[in-house]
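Counting begins at 1 with the first residue of the sequence. Note that the structure is a prediction, hence the values are computed from the model and not measured.
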Amino acid sequence: MRRTHPNARAPPPRGLLFVLVVCVCGSFAMYVNLMETRPARRTLIRHRDPSSTPQPSSPLTMQSIQGLQTQYRVVRAGAGRAVQKGNTVTVHATGTVKETQKKFWSTKDPGQQPFQYQAGVGGVIKGWDQGCLGMQENEVRQIVIPAAEGYGAGGFPAWGIPAGATLDFEIEILKIN
């Protein structure tokens, strides 16, 4: 006589097990048959040469500034007046060294105030000066400035900007006078 645990259940009768297996297999067979007789969905995939078709500008696409290596992308569009040469412009700005991702300055830090400068006249580094022209009030841009149009081969050690550093600014136009 075989001993079993007191809580063990008796195995199902063999006939019931056979019926269960036949039902499951039959259902699967019907499903496979249905899928084979159903018309296939066809998806048309068009392959394009990206160089032959102009692509729309996306928020992640950097735009060039004619005659400069500095590039920018619009993070948030603005409205109203646009920055022109000679305007006095008030901005919020955050600057990081691209190579190290180290922030060296932000007008949003505690104790800091928005920055004011005269646009297009060389009062700030060239990449910033030219990269902000055309921005509208409340616009935010990311401006990436290579060393040659930033602080150059000497960097700006007092602010932690090493020699030859690429600068990555986020600039928001607060006011244009």
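- Tested against T70 for a side chain to side chain donor-acceptor pair (under 3.5 Å), the candidates K126, Q130, E149 yield a single pass: E149.
- The heavy-atom pair separating A82 from G134 by the smallest distance is CB-O, 3.8 Å.
- Between Q116 and V89, every side-chain heavy-atom pair lies at or beyond the 4.5 Å cut-off.
- Between G160 and V97, the closest heavy-atom pair is O-CG2, 4.1 Å.
- Side chain of R81 to main chain of I176: a donor-acceptor pair is present (N/O by atom type, distance under 3.5 Å, no hydrogens or angles).
- Looking only at distances, a side-chain donor or acceptor of T96 sits under 3.5 Å from a matching main-chain atom of D168.
- Residues I125 and W159 fall within the same hydrophobic cluster, defined by Ile, Leu, Val, Met, Phe, Trp and Tyr side chains chained together at heavy-atom separations under 4.5 Å.
- For the side chain to side chain contact (heavy atoms under 4.5 Å, CB included) with I173, the lone residue among N87, T90, V91 that qualifies is V91.
- Within the 4.5 Å cutoff, the side chain of L167 has no heavy atoms near those of the K98 side chain.
- For the atom pair CE of M135 and CD of Q84, the computed distance is 14.5 Å after rounding to the nearest 0.5 Å.
- Here the straight-line distance linking atom CH2 of W128 with atom CD1 of I171 works out to 4.0 Å at 0.5 Å rounding.
- Look at R141 and E172 and you find no salt bridge, because none of the NZ, NE, NH1 or NH2 atoms lies under 4.0 Å from a carboxylate O.
- The NZ atom of K108 sits 10.5 Å away from atom NZ of K103, with the distance rounded to the nearest 0.5 Å.
- Counting all heavy atoms, side chain and backbone alike, D129 lies closest to G120 at OD1-N, 2.6 Å.
- For Y72 and F169, the ring centers sit 6.0 Å or farther from each other.
- Here the straight-line distance linking atom CG of L133 with atom CD1 of I65 works out to 8.0 Å at 0.5 Å rounding.
- Closest of all the heavy-atom pairs between Q69 and A148 is OE1-CB, 4.4 Å.
- To the nearest 0.5 angstrom, Q142 atom CD is 4.5 Å from R73 atom CZ.
- A 4.5 Å side-chain heavy-atom check between T94 and W105 finds every atom pair outside the cut-off.
- With a 4.5 Å cut-off on side-chain heavy atoms, T88 and Y117 do not count as touching.
- Closest of all the heavy-atom pairs between I145 and G127 is CD1-C, 3.7 Å.
- Going from atom CD of Q71 over to atom OG1 of T61 covers 10.5 Å, rounded to the nearest 0.5 Å.
- Residues Q113 and T107 form no side-chain contact, since every pair of their non-hydrogen atoms from C-beta on lies 4.5 Å or further apart.
- Heavy atoms only, all atoms of each residue included: Q112 and S106 are closest at CG-O, 3.2 Å.
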